[in-house]
Every structure is written in C-alpha cells, then in structure tokens.
There are 2 protein chains.
Amino acid sequence: MRVLKYAILGLLEQEKQTGYDIAAAFKGALGQFWSAKHSQIYPELKKLVAEGLIEFETVIQGEKLEKKLYSLTVAGEAELKEWMQRLEAVDVSHKDEFMLKTFFISSMEKEEAKELFSNQLDSRKRKLDELGRILTELEAEFGSNIVFSSPEFGHYLVLTRAIEREKGYIQWLERSLQFME
Amino acid sequence: MRVLKYAILGLLEQEKQTGYDIAAAFKGALGQFWSAKHSQIYPELKKLVAEGLIEFETVIQGEKLEKKLYSLTVAGEAELKEWMQRLEAVDVSHKDEFMLKTFFISSMEKEEAKELFSNQLDSRKRKLDELGRILTELEAEFGSNIVFSSPEFGHYLVLTRAIEREKGYIQWLERSLQFME
DNA sequence: ACTAAACATGTAAATAGTTACATGTTATAT
DNA sequence: ATATAACATGTAACTATTTACATGTTTAGT
C-alpha cells in the first residue's frame, strides 16, 4: 500500500521540509494515526526522489551542517491528489494488544482483570489530558474560528478524533469495570 | 513483541485447535483487534512447538486428511499468564489511513472532502450494522446474563468495544460533515 | 568555556505482515 | 455423480516496520 509514501507527500505539500521535520511531525497529533521512524523515512525519501515525486535542495545550516529541504514535484502533487480522492474500504483490524488480552479475560482471576483494566483506564485518562492540552493550545492560537478553509482544519479534526477516541475507550473501560463487580 | 505468539497461546488455552481454526477465529469479533493470515500462523505454530510452548497430535479427518490439533504445554500456559498480567503502556499510533487523509484535508476541495467523509460514513454504518447483528446473535445464544465468569465474557467485551468504537467514529464523521457546511 | 538537548542523516539487521504460489481432502448441495 | 465451498497445510517472495548501530553539528542554557 505504501502509505508512508503518501504521508510524506502530504506533509511536503504543506511545507518544504527535511526528513527530520517529517519525523518530528509524526510526534505530534498526526502520530496518533500514522507514524514512522527516521530509519524508514530516509530510505523512503530517497526512493521518492528516484521516482521523481519529490526533489530537494541542500541548505547549509550554521557553518557546515548540510540539510536537505524536500519539496513536491508536479508528478508528486498529482500522485497525492489521486490518493486523497480514492474511496477505500474500511480496513478491519486496528490492532490493539489490550483488546486481545480482553478477549482472553476468562483465563484470568477477577482481581487480576480489574487491575489490568484500572491500569489501562489510568493510562487512557493521562493520554486524554495530554490531548486536551494540545487542543487548548491550538484553540488559543487560532481561536474557535477554525473552519474548512483554515490550514489547521486537518490538525483540528485529527485532534478532536483522537480525543473522542480516548473518551470512548475510557467510558467502555469504566462500564466494563462496573460489569466486573 | 511477538503478539501473534500470545494470540495463539490464548486461543489454544480456550480450546485444542488447528491452524485453520486459529485463522478462522481471526475472522470473527477478535479480528477487529488482532488478526493474522495463515501464512503467518503456520510458521508461528512451528516455532512455538520448537520452543516447547505448544504441542500437537495428528488427527485423521475422514479417510486420510491429516490435521494437527494443537494444545498448550505447561510452559505455554505459564507464558500466557505472564503476558496477561503484564501492565503495558498504551501504544500511540493506531494507524488509520483515513485519518491520515483527514490531516491533509486542506489540500482538497470542499466537495471532494465531503464525498470522502460521506463514503467513510456509509462504510462505518454498514460495519456497525454487521457488528450489531453479531451481538444480537451472541445475546440470543447466551441471554443477557453474560457475567465475568462466563466463558463468552471476553467475546462480549470485545464486541461491545468494537460497536462503541464504530459509533464514536460515526458521530465524529457526522459532526465533521456538519462543520464543512 | 562547556555541556546537554535538539538538529540532522544515514545504514544494517531483524522482525512482522501481506500477497502469491502450491497442493490436496471432505462435506454439502444439486 | 458432480461440482462447489469449506477444510486443511504449507512455502516463497516481497513489503513494512522496528531496533540497533553510527556519526556529526548547532543552539541554548549555565
């Protein structure tokens, strides 16, 4: 499927940037739904250059640090657009190791299961707090007038989705814990 | 992490079964959160036998079809238990290609974006219907008295989680579409 | 001046997962 | 009888991803 290819094309469409910047982007809100390590990014960038979808200019940072600023070619823009418009089927298995354990819950003692769920609940709550803080920052910077045409609309949508996903998970964990009483 | 290893151990703890049965299990509710193809399952089974975590007896089906019924060894049971009790950190990136596209939504025309979201909404609604039917079947078979000690409690929890996940996704899609008006 | 964190780029080796190749048996419906 | 779907097991090749190895520069704080 080469999804990383499109992730990179999409990021470069927003802004000229280095491989390092791309790796950093995956550490933000985007990383909730897609990410890759630099060891995967650099070879992919090389491949995309070879395919003529992106190009780069070498820029000197400070005295001698050479960094590569990548940008989309016309062909790259076309490929990105084609992928964006594709209507793909919903993929089934969003892998989740915790839910795999849950499936096997009958092999556990009730107290063990409760501990497992409580611990997961704590982690999810902490993550929700963190996401809430990021949203607050975004709203502080752009106000509540983020609409379709705003460049940060995508960021906003992804954040709200991540937050609601956590909320849903938390509710389910709480109800499941009650169920175990 | 070798999660497939634990998926197999967990399934074998519930019941003696063949590689084919394991592949079939991933096509049910469990498959919403973990799955693997038979081409990954068979080599993993071989590896687990070599490690002494599972063993098999060859059974003749009909005239000459040899099938291998796998079961847990004592060591396998211990490994499964150890994994079940592990309190692991929530992993960040649950990869979702649609959300990746969403992040890049500002590169689209509004009408294109609406089509993308409407299409996703339809798929999600169809999936929700399907999951609802499976839950109805489960409740028809076991009634609403599925409690912690029931062997189908894990199945029930996983199904309810899958259903609520879809509901949350659908709500977010609907609100996002309204936002685009 | 010095140090630590952040910036910056790569490769190698291993593991995980998918698609394609390959084969044969058994049960069910017509 | 016969065809089809389901049962059953494997390997090969490729793609995707992670962990580890490897190196060097720049910026910001003390």
Side-chain angles (χ1 to χ4, degrees), chain A residues 1-8 11-12 15-28 31 33-51 54 56-70 88-89 91-97 100, chain B residues 1-8 11-12 15-28 31 33-51 54 56-70 88-89 91-97 100:
Chain A
M1 282 159 280
R2 276 190 78 195
V3 183
L4 177 58
K5 165 180 155 178
Y6 299 105
I8 290 174
L11 285 168
L12 294 183
E15 198 169 2
K16 271 188 192 185
Q17 55 193 304
T18 66
Y20 187 89
D21 295 329
I22 289 166
F26 289 136
K27 283 173 186 155
F33 300 103
W34 207 271
S35 74
K37 315 273 184 188
H38 78 275
S39 56
Q40 200 185 357
I41 295 166
Y42 290 117
E44 187 66 33
L45 284 167
K46 203 176 236 185
K47 206 172 171 187
L48 290 170
V49 169
E51 291 169 340
I54 65 175
F56 67 91
E57 37 171 337
T58 304
V59 170
I60 304 291
Q61 181 85 348
E63 277 292 287
K64 50 181 166 176
L65 201 171
E66 289 190 355
K67 62 180 188 181
K68 294 178 180 171
L69 265 183
Y70 290 90
E88 267 152 321
D91 52 319
V92 188
S93 146
H94 282 228
K95 293 189 170 179
D96 184 331
E97 194 173 341
L100 179 63
Chain B
M1 282 157 278
R2 279 189 78 195
V3 182
L4 176 58
K5 163 179 156 178
Y6 299 105
I8 291 175
L11 285 167
L12 293 182
E15 199 170 2
K16 269 189 193 186
Q17 55 193 304
T18 66
Y20 187 89
D21 294 331
I22 289 166
F26 289 136
K27 282 171 186 154
F33 300 103
W34 207 270
S35 76
K37 316 273 181 186
H38 77 274
S39 55
Q40 202 186 356
I41 295 166
Y42 289 118
E44 187 65 34
L45 284 167
K46 202 175 237 185
K47 205 173 171 187
L48 290 170
V49 169
E51 291 169 339
I54 63 174
F56 67 92
E57 38 171 337
T58 304
V59 171
I60 302 291
Q61 183 84 347
E63 277 293 286
K64 50 181 167 178
L65 201 170
E66 290 189 354
K67 62 178 188 181
K68 295 177 178 169
L69 265 184
Y70 290 91
E88 266 153 321
D91 53 319
V92 187
S93 147
H94 281 231
K95 291 187 172 180
D96 183 331
E97 194 173 341
L100 180 61

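Naming: A, B, ... by sequence-line order, numbering from 1 per chain.
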Quick one: on DNA chain D, does His38(B) or Arg2(A) contact a more 5' nucleotide (nearest heavy atom)? His38(B)
Judged by nearest nucleotide, the residue sitting upstream toward the 5' end of DNA chain C, Gln61(A) or Gln40(A), is Gln61(A)
Using a distance-only criterion (donor-acceptor N/O pair, under 3.5 Å, no hydrogens), is the base of dT19(C) paired with the side chain of Ser39(B)? yes
What contact category does Lys95(B) fall into here, base, sugar-phosphate, or nothing, at under 4.0 angstrom with non-hydrogen atoms? sugar-phosphate
For dC7(D), take OP1 and OP2 only and decide whether either is under 4.0 Å from a side-chain N or O of Tyr20(B). yes
Pick base, sugar-phosphate or nothing for Lys37(A), based on heavy-atom distances below 4.0 Å to the nucleic acid. base
Side-chain heavy-atom pair Ile54(B), Glu44(B) within 4.5 angstrom cut-off: no
Side-chain donor/acceptor of Glu66(B) to backbone N/O of Thr58(B), under 3.5 Å: no
Considering just the side-chain nitrogens and oxygens of Lys68(B), establish if one lies under 4.0 Å of OP1 or OP2 belonging to dG10(D). yes
Are any of Lys67(A)'s side-chain N or O atoms less than 4.0 Å away from OP1 or OP2 of dT26(D)? no
Given Lys68(A), Lys67(A), Lys16(A), the one that forms side-chain hydrogen bond (donor to acceptor under 3.5 Å, both in side chains) with Glu57(A): Lys16(A)
Residue closer to the 5' end of DNA chain D, Leu65(A) versus Ser35(A) (nearest nucleotide): Ser35(A)
Strictly below 4.0 Å: does Tyr42(A) bring a side-chain N or O up to OP1 or OP2 of dG10(C)? no
